[in-house]
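Worksheet: the structure to be examined is printed underneath.
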Protein chains: 2
Amino acid sequence: MEIAFDESSPQKEILRAALKEFVEYGQKGARMQSIADRANVNKALLHYYFSNKQNLHREVLHRVFRMAINSIYQSIDEADSPENQIRGIIRAYFSLFRQNPAIPRLMLLELNANSSDFIEAFTQVFQADTVPFPQKMIQIIEDGIERGIFRPVNPRQALLSTLGTVAFYFIARPFARQVLSIENEDQFIEERLEHIQDLIFHGLIKE
Amino acid sequence: MEIAFDESSPQKEILRAALKEFVEYGQKGARMQSIADRANVNKALLHYYFSNKQNLHREVLHRVFRMAINSIYQSIDEADSPENQIRGIIRAYFSLFRQNPAIPRLMLLELNANSSDFIEAFTQVFQADTVPFPQKMIQIIEDGIERGIFRPVNPRQALLSTLGTVAFYFIARPFARQVLSIENEDQFIEERLEHIQDLIFHGLIKE
DNA sequence: CTCTTGTTTAACTAATTGGTTAAAATATAT
DNA sequence: ATATATTTTAACCAATTAGTTAAACAAGAG
């Protein structure tokens, strides 16, 4: 399943094509003609709908990040135990990245380029709620430590390690496929989620 | 400390400048004039030494990856226990990325772009030894499992999780700095290495 | 000092690129 | 059927870009 540009229209086709192009080449390296080719439309249509390259880029960032944060927030059940909430977040992120591998790649690409569009999109989408998502997860980890469920780890470090472990496979997927000679990728990915839950919780859970 | 272009000459300045430009914008998005500006040389000099943009890009990839793998191989002491070998690898990678944050970023950028230059550089550098590095690390993990030191984890998954945890901070550094409100980064980085060793080994060590 | 080699530069060329435009085609409303 | 609005296109323009070149400069050898 792809990014939720679920209607088929020239505008959606352009956004879908632009996402692919920006993920591969960044804003500067992306070519408008190449986006038009991928979307099977005339290049002028890109300008008709989005005015210019930067606007198109911004629109793609906003849509991608909004979708990302929406699905993560929906995964948190505050009535559940800290352990289960963390497990739920891991599952939600993993599922999101599995279905939309472009998301972590685009985010990191934009981080590399120090894109002001990224900062803007990030601020608007990821910190729109009263408690931004990363703070929410830190609170869950702190709560787990207080209750004696988790070992007294550094919550910010634990957040980084958890997110990094989840994201890394999808970020480094071509590298991983070649280096590890993965033959059945669907099976490998199922095993990956199991392994992450196992490793993270052996690393966090107080025994 | 930077990438080991340790001499100061126009050629080294160009390579250093090119690395920065390619890390930010990729090969297509990088500008030769911008590289020349960063290196404080005339643009024609880039072509004088490296012929064209693609050659310059290749040269940068080769040098970066060669340096990366050299320092990792030097960190492995086969006479040591599997646990200490893994600890050594973690330390070596962490130290390498700390000193050269461009390395993980460049690798992931090239992965995104499906660069044939990357595949070539990767093949030449990372798999030049009789036992390529990833296989070496898998062997160490398997050995640890056989000796009863490690839990019976999936070695390939464990390799991904270990490398991912180490690399992620440096890949996502601007994101992490903003999201986690890091004030004293040197201290945070010291804590990060401790945390990684702690988390990974609570996750791997059989108790 | 002179000659040769290597380095560096300003100016240039040709191709590429983002963006524009007027006209044609299509869709919609009456 | 006609008029209007929207969408789409081929062709175009100006700016940008990679790469080239002849000449000037610097370094080295004899």
Side-chain angles (χ1 to χ4, degrees), chain A residues 5-62 106 109-110 112-118 120-121, chain B residues 5-62 106 109-110 112-118 120-121:
Chain A
F5 309 134
D6 50 327
E7 302 167 43
S8 178
S9 69
Q11 213 169 353
K12 304 298 187 187
E13 293 304 320
I14 290 169
L15 285 166
R16 197 173 276 127
L19 172 60
K20 288 178 178 171
E21 182 80 4
F22 287 136
V23 159
E24 280 193 56
Y25 302 115
Q27 183 184 343
K28 280 182 76 174
R31 299 289 176 251
M32 297 293 267
Q33 183 60 58
S34 179
I35 294 172
D37 290 342
R38 295 191 198 231
N40 284 322
V41 298
N42 186 275
K43 184 165 67 83
L45 210 48
L46 276 56
H47 295 278
Y48 180 77
Y49 285 119
F50 301 100
S51 294
N52 56 45
K53 194 186 198 185
Q54 186 178 12
N55 268 7
L56 178 55
H57 185 242
R58 274 191 184 127
E59 186 64 30
V60 167
L61 287 187
H62 275 262
L106 187 66
L109 201 70
E110 297 303 320
N112 268 2
N114 291 314
S115 161
S116 61
D117 288 343
F118 169 85
E120 177 201 337
Chain B
F5 310 132
D6 49 326
E7 301 166 45
S8 177
S9 68
Q11 213 167 353
K12 303 298 186 188
E13 294 303 322
I14 290 170
L15 285 165
R16 196 174 277 124
L19 171 61
K20 288 176 178 173
E21 181 81 4
F22 287 136
V23 159
E24 278 193 58
Y25 303 115
Q27 182 183 343
K28 282 180 76 173
R31 299 288 177 254
M32 296 294 265
Q33 182 60 58
S34 178
I35 294 172
D37 290 343
R38 295 189 197 233
N40 284 323
V41 299
N42 187 275
K43 185 164 67 81
L45 210 48
L46 275 59
H47 295 278
Y48 179 77
Y49 284 119
F50 300 101
S51 294
N52 57 42
K53 194 186 199 186
Q54 186 178 13
N55 267 8
L56 177 55
H57 185 242
R58 274 192 184 127
E59 186 65 28
V60 167
L61 288 186
H62 275 262
L106 186 65
L109 202 68
E110 297 303 321
N112 271 2
N114 292 315
S115 160
S116 60
D117 288 343
F118 170 85
E120 175 202 337

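Just so we're on the same page: letters track the sequence lines, and every chain starts at 1.
A:Asn52 comes within 4.0 angstrom of sugar-phosphate atoms only, judged by non-hydrogen atoms across all strands, and of no base. Nucleic acid contact class of B:Ala30 (heavy atoms, under 4.0 Å, all strands): sugar-phosphate only. Nucleic acid contact class of A:Tyr49 (heavy atoms, under 4.0 Å, all strands): sugar-phosphate only.
Between A:Asp37 atom CG and C:dG18 atom C1' the separation is 14 Å, expressed in whole Å. Atom P of nucleotide D:dG19 and atom NE2 of B:His47 are separated by 5 Å, given to the nearest angstrom. One interatomic measurement links the two molecules: CD of A:Gln33 to P of C:dT20, which rounds to 16 Å at whole-angstrom precision. What separates CD of A:Glu13 from P of D:dT8 is a distance of 11 Å, to the nearest Å. Between the CZ atom of B:Phe50 and the C1' atom of D:dA18 there is a distance of 16 Å, given to the nearest Å. The distance from atom CG of B:Leu46 to atom P of C:dT9 is 11 Å, rounded to the nearest whole Å. Atom-to-atom, CD of A:Gln27 to C1' of C:dG19 comes out at 15 Å; the value is rounded to the nearest Å. As a whole-Å value, the separation of B:Gln11 CD from C:dT8 C1' is 14 Å.
In this structure, the side chains of B:Pro10 and B:Tyr49 come closer than 4.5 Å at one or more pairs of heavy atoms. Using a 4.5 Å heavy-atom threshold, the side chains of A:Leu61 and A:Phe22 count as separate.
Heavy-atom nearest nucleotides on DNA chain C were determined for B:Asn40 and for B:Lys43, and the one closer to the 5' end corresponds to B:Asn40. A residue-by-residue look at A:Lys28 and A:Asn42 shows that A:Asn42 has its nearest nucleotide of DNA chain D further toward the 5' end.
Distances shorter than 4.0 Å separate none of the side-chain N or O atoms of A:Tyr48 from OP1 or OP2 on C:dT20.
Checking side-chain atoms of B:Lys53 against main-chain N and O of B:Ala30 turns up a donor-acceptor pair under 3.5 Å. A donor-acceptor pair is defined here as one N or O able to donate and one able to accept, closer than 3.5 Å; such a pair exists between the side chain of A:Glu21 and the backbone of A:Arg31.
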Practice task
Using the side chain to side chain donor-acceptor pair (under 3.5 Å) rule, take B:Glu59 and B:Asn55 through it: C-alpha gap first, then chi angles, then the decisive distance, then the call.
Solution key: CA-CA 6 Å; B:Glu59 186 65 28; B:Asn55 267 8; over 6 Å; no

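In the set D:dT17, C:dT20, C:dG19, C:dT20 carries the atom at the smallest distance from any side-chain atom of A:Ala44. When each of C:dG18, D:dT7, D:dG19 is scored by its nearest atom to the side-chain atoms of A:Leu45, the top-ranked nucleotide is D:dT7. Comparing atom distances between the A:Arg31 side chain and each of C:dG18, C:dT8, D:dA18 picks out C:dG18 as nearest. Distances were taken from every side-chain heavy atom of A:Met32 (C-beta onward) to each of C:dG19, D:dA18, D:dT7; the shortest belongs to C:dG19.
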